[in-house]
There are 2 protein chains.
Amino acid sequence: MAERVTIVEVAARAGVAISSVSSALNDRPGVSEQTRARIKQAADDLGFVPSVRGRSLSAKRAFAVGLVVHRDPFVLESDPFFGSFIGGLESVLDPRGYALILQMGSAADETLDRYRRLAAGRRVDGVFLNELVVDDPRVPLVQQLGLPAVGVNPAAGFPLPAVRQDDSAGIRELVDHLVALGHRRFAHVSGPDRFVHARRRSAAWRDALVAADRDPGVVVEADFTYDGGARAAAQLLGGGGAGGSARVGDGSVRVDDPSERPTAVFCANDLAAIGFMAEADRLGVRVPDDVSVAGFDGIELGTYVRPALTTLTTAPRLIGAEAARLLLAAVDGDPVPDAEIDHARLLVRASTAPAPR
Amino acid sequence: MAERVTIVEVAARAGVAISSVSSALNDRPGVSEQTRARIKQAADDLGFVPSVRGRSLSAKRAFAVGLVVHRDPFVLESDPFFGSFIGGLESVLDPRGYALILQMGSAADETLDRYRRLAAGRRVDGVFLNELVVDDPRVPLVQQLGLPAVGVNPAAGFPLPAVRQDDSAGIRELVDHLVALGHRRFAHVSGPDRFVHARRRSAAWRDALVAADRDPGVVVEADFTYDGGARAAAQLLGGGGAGGSARVGDGSVRVDDPSERPTAVFCANDLAAIGFMAEADRLGVRVPDDVSVAGFDGIELGTYVRPALTTLTTAPRLIGAEAARLLLAAVDGDPVPDAEIDHARLLVRASTAPAPR
DNA sequence: TTGAAAGCGTTACCAC
DNA sequence: GTGGTAACGCTTTCAA
């Protein structure tokens, strides 16, 4: 690698001490405007960019933050959240001279170790806590490590700074929409119960239906994947009698009786909803004529599938930007009030229609 | 952040000089086995992990490499390559104590700047060059910067170390498969012509057809997206007369004459192929009865769509691992022969069938 | 306002 | 085999 310009050369060229260069370039007082200008000129001439290595050691900062993606390698492949989220992070980190260190680990315990090593090696000044699970072990870990962290859509009572986007208002809108369309038999395809966001969406769905004086109906636990959604559809709509494994709410409908099939299904994310629709189609159950389907996320793909997917649109990019803002504030030791993103919005498209009579 | 153990404390506890601690812990000679053991014990007791910051400055290494994703924020969202690729990178980087710095930039010129700043700030020891375009400006840039780099699936004659996975053998297999099924009218939905991998796949497709004594047929340039694939289908199969914008090969078929429609279509990636199939379905053109469709990548989703997608399976995880291995070798100044991954394999599923008569 | 010097936590060199 | 010490490139403190 080519030799790089250091602060020493800038100082030599400007005819001053390196401490003055440092002060001048960091816009700190103690340098006359005249010498400051001269120093900046010299730095420009030489194309000087301070070495983050030297800065790190001296400033006791890594100027980097970490994101550990824990789940199978193919999350990034199927989860549309990350791309935009990371874009949002970058939009804040980059202008402030921070870099994002991305780690991927599959096993959960390995993930914890990643955080530990990130902290031990002083690689990062803080981390993002994503995809939080109930009693997430990362929380006590970062607390114990004294590692600044911000949570993304955590549960209520989360002890660290967090950015949140409310689900429930949008889900209420969805329920109102479905009720207005005359639906009476509902079902929910949830995410794994250990994820707090999966739980929250399920609870919001149930609460909204109860508030609308409707039976919350069946809940089938899926896994946020296309295939999971398809399997849920087979369970809820298929004749296979596989309905046995559906978790049935209090006083709910039976899924294996065709006449009692749900006519409106809310899937915990778009990908599962799209898989659900595909399987419904395969089973000869028409969407939206026989069953209305709604998703959650607002991914691009939902625009193109037929029928286009009714969904709740979230703001991953904004969430990322806010998360980065919060984390940098926490790193600076500033007070960090939680950030609240405008709630997920109902986007009605073609996959929801009046209930069949 | 809690105070961390440094080498000084380890030295004190073991009753030796810090230089001995360094030698002992890095398994260098010049320390008796006895003291080495004592030092390692002391380090363990204290939970010592060397600070990357100190090491960086001293060793003149960042112990980090960079990946700049250039394209719209939603790549990670729709491109299945990245998740597995990054997983592959990590599998090599992490054990060697290297971290991955991920940057995202949309505009191409901004991307170049990202590389420049990464290098100028000495943030990374090397970078990956992905999604190479024809005459990619990043190549002269890294050469000029003296920044180690490895290319992923570059064009022939690429001047830097590279990892490659051959497309053409698999594409020949695909063509043979289609020819054996009796197809005579072909079409190709390509990626943007500026990408070297898009060009290579197009060329391989054309060459294989010519070698099989068949007419290469029409090429429609799409953009690797679901929607792009759908639009291509509308063009190739639709009655809309939109066929006008199709780029027609020498002596090729006319797309707007239904009887001359292609019966076998190769899409440059799976996502586009899936969009293509969806649009075909919408137009009342049955897959695979009326038209056979094949993709490229081997993404998970292709397993679940109906008909399941015939495709060429690639090995992004392996490509990532090899790319990381090469880059670290380059950083170490070792000779770096290109890495060749076993070629993409034909995976026949339900979307290809005998040509309609 | 300016400059000298002391860290920051390692590694590497060189005496002992 | 072992222990000092310079060097890495910067920030910060303290004299001048």
Side-chain angles (χ1 to χ4, degrees), chain A residues 1-40 42-43 46-64 97 119-125 332, chain B residues 1-40 42-43 46-64 97 119-125 332:
Chain A
M1 174 124 62
E3 286 310 313
R4 310 257 161 227
V5 180
T6 75
I7 198 173
V8 178
E9 296 154 65
V10 177
R13 183 174 235 265
V16 298
I18 62 166
S19 54
S20 300
V21 175
S22 179
S23 296
L25 262 28
N26 290 307
D27 287 316
R28 270 186 319 227
V31 194
S32 71
E33 276 318 306
Q34 195 178 347
T35 44
R36 188 186 300 275
R38 187 154 42 92
I39 289 169
K40 286 194 169 174
L46 265 32
F48 170 69
V49 177
S51 159
V52 69
R53 296 174 198 169
R55 277 175 25 101
S56 274
L57 191 56
S58 174
K60 294 170 172 292
R61 289 229 189 157
F63 299 103
R122 281 74 127 203
R123 272 245 189 235
V124 297
D125 298 324
D332 284 342
Chain B
M1 176 124 61
E3 285 311 313
R4 310 258 161 225
V5 181
T6 75
I7 198 173
V8 177
E9 297 154 64
V10 178
R13 182 174 236 264
V16 297
I18 61 167
S19 53
S20 300
V21 176
S22 180
S23 296
L25 262 28
N26 291 305
D27 287 317
R28 269 183 322 223
V31 194
S32 70
E33 276 317 308
Q34 195 178 348
T35 44
R36 188 186 300 275
R38 187 153 43 93
I39 290 170
K40 285 194 169 173
L46 265 35
F48 171 69
V49 177
S51 159
V52 173
R53 297 173 196 166
R55 273 169 37 93
S56 274
L57 190 57
S58 176
K60 295 171 173 293
R61 289 232 187 155
F63 299 103
R122 280 71 128 205
R123 272 241 190 239
V124 297
D125 298 323
D332 284 342

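In the text below, chain A, chain B and the rest are named by the order of the sequence lines, each starting its count at 1. Computed from heavy atoms alone, side chains included, the values below leave out hydrogens, waters and symmetry copies.
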Rounded distance (nearest 0.5 Å) linking atom CZ of R38(A) with atom OG of S32(A): 7.5 Å
Rounded to the nearest 0.5 Å, the OG atom of S56(A) sits from the CZ atom of R123(B) at a distance of 7.0 Å
To the nearest Å, how far apart are [X] [atom1] and [N] [atom2]?
X	N	atom1	atom2	result
R61(B)	dG9(C)	CZ	C1'	18 Å
I18(B)	dG3(D)	CD1	P	11 Å
F63(B)	dG9(C)	CZ	C1'	13 Å
L57(B)	dA6(D)	CG	C1'	13 Å
R55(B)	dC8(C)	CZ	C1'	16 Å
E9(B)	dT10(C)	CD	C1'	14 Å
R53(B)	dG9(C)	CZ	P	9 Å

NA contact type, [X], heavy-atom cut-off 4.0 Å: base, sugar-phosphate, or nothing?
X	result
G15(B)	sugar-phosphate
F48(B)	sugar-phosphate
S51(A)	sugar-phosphate
V52(B)	nothing
V8(B)	nothing

Report yes if a donor N or O on one partner sits less than 3.5 Å from an acceptor N or O on the other, where the partners are the side chain of T6(B) and the base of dG9(C); otherwise report no. no
Please determine whether any donor N or O and acceptor N or O are separated by less than 3.5 Å between the side chain of S19(A) and the base of dA4(C). yes
Verdict with reasoning, S23(A) to R36(A), per side chain to side chain contact (heavy atoms under 4.5 Å, CB included): CA-CA 8 Å; S23(A) 296; R36(A) 188 186 300 275; 5.9 Å; no
Please write out each protein N/O paired with an N/O of nucleotides 14-16 of chain D under 3.5 Å, distance rounded to 0.1 Å.
none

5′-ward residue of the pair A17(B)/K60(B) relative to DNA chain D: A17(B)
Axis-to-axis angle between the two ends of the helix from dT1(C)-dA16(D) to dC16(C)-dG1(D) (five base pairs per end, rounded to 10 degrees): 50°
Begin with the C-alpha distance, continue with both residues' side-chain angles, and end with the deciding distance and a verdict on side chain to side chain contact (heavy atoms under 4.5 Å, CB included) for R13(A) and V10(A). CA-CA 5 Å; R13(A) 183 174 235 265; V10(A) 177; 5.8 Å; no
Show the nearest heavy-atom pair for residues [X] and [Y], with the distance to one decimal.
X	Y	value
I39(B)	A24(B)	CD1-CB, 3.7 Å
N26(B)	R55(B)	OD1-NH1, 4.4 Å
I7(A)	S22(A)	CD1-N, 4.0 Å
L46(A)	V5(A)	O-CG2, 3.2 Å

From the set dC10(D), dT13(D), dT2(C), return the single nucleotide nearest to any side-chain atom of S20(A). dT2(C)
From CA spacing to verdict: side chain to side chain contact (heavy atoms under 4.5 Å, CB included), D332(B), R61(B): CA-CA 10 Å; D332(B) 284 342; R61(B) 289 232 187 155; 2.9 Å; yes
Evaluate the criterion side chain to side chain contact (heavy atoms under 4.5 Å, CB included) for residue pair L57(B) and R122(B); output intermediate values, then yes/no. CA-CA 10 Å; L57(B) 190 57; R122(B) 280 71 128 205; over 6 Å; no
Measuring only between side-chain heavy atoms, which start at C-beta, is K40(B) closer than 4.5 Å to D27(B)? yes
Sub-3.5 Å donor-acceptor pair from the side chain of S58(B) to the main-chain atoms of G54(B), do we have one? no
Please list, by residue number, the residues of residues 26-38 of chain A whose heavy atoms come closer than 4.0 Å to an atom of DNA chain C; answer none if no residue qualifies. G30(A), V31(A), S32(A), T35(A)
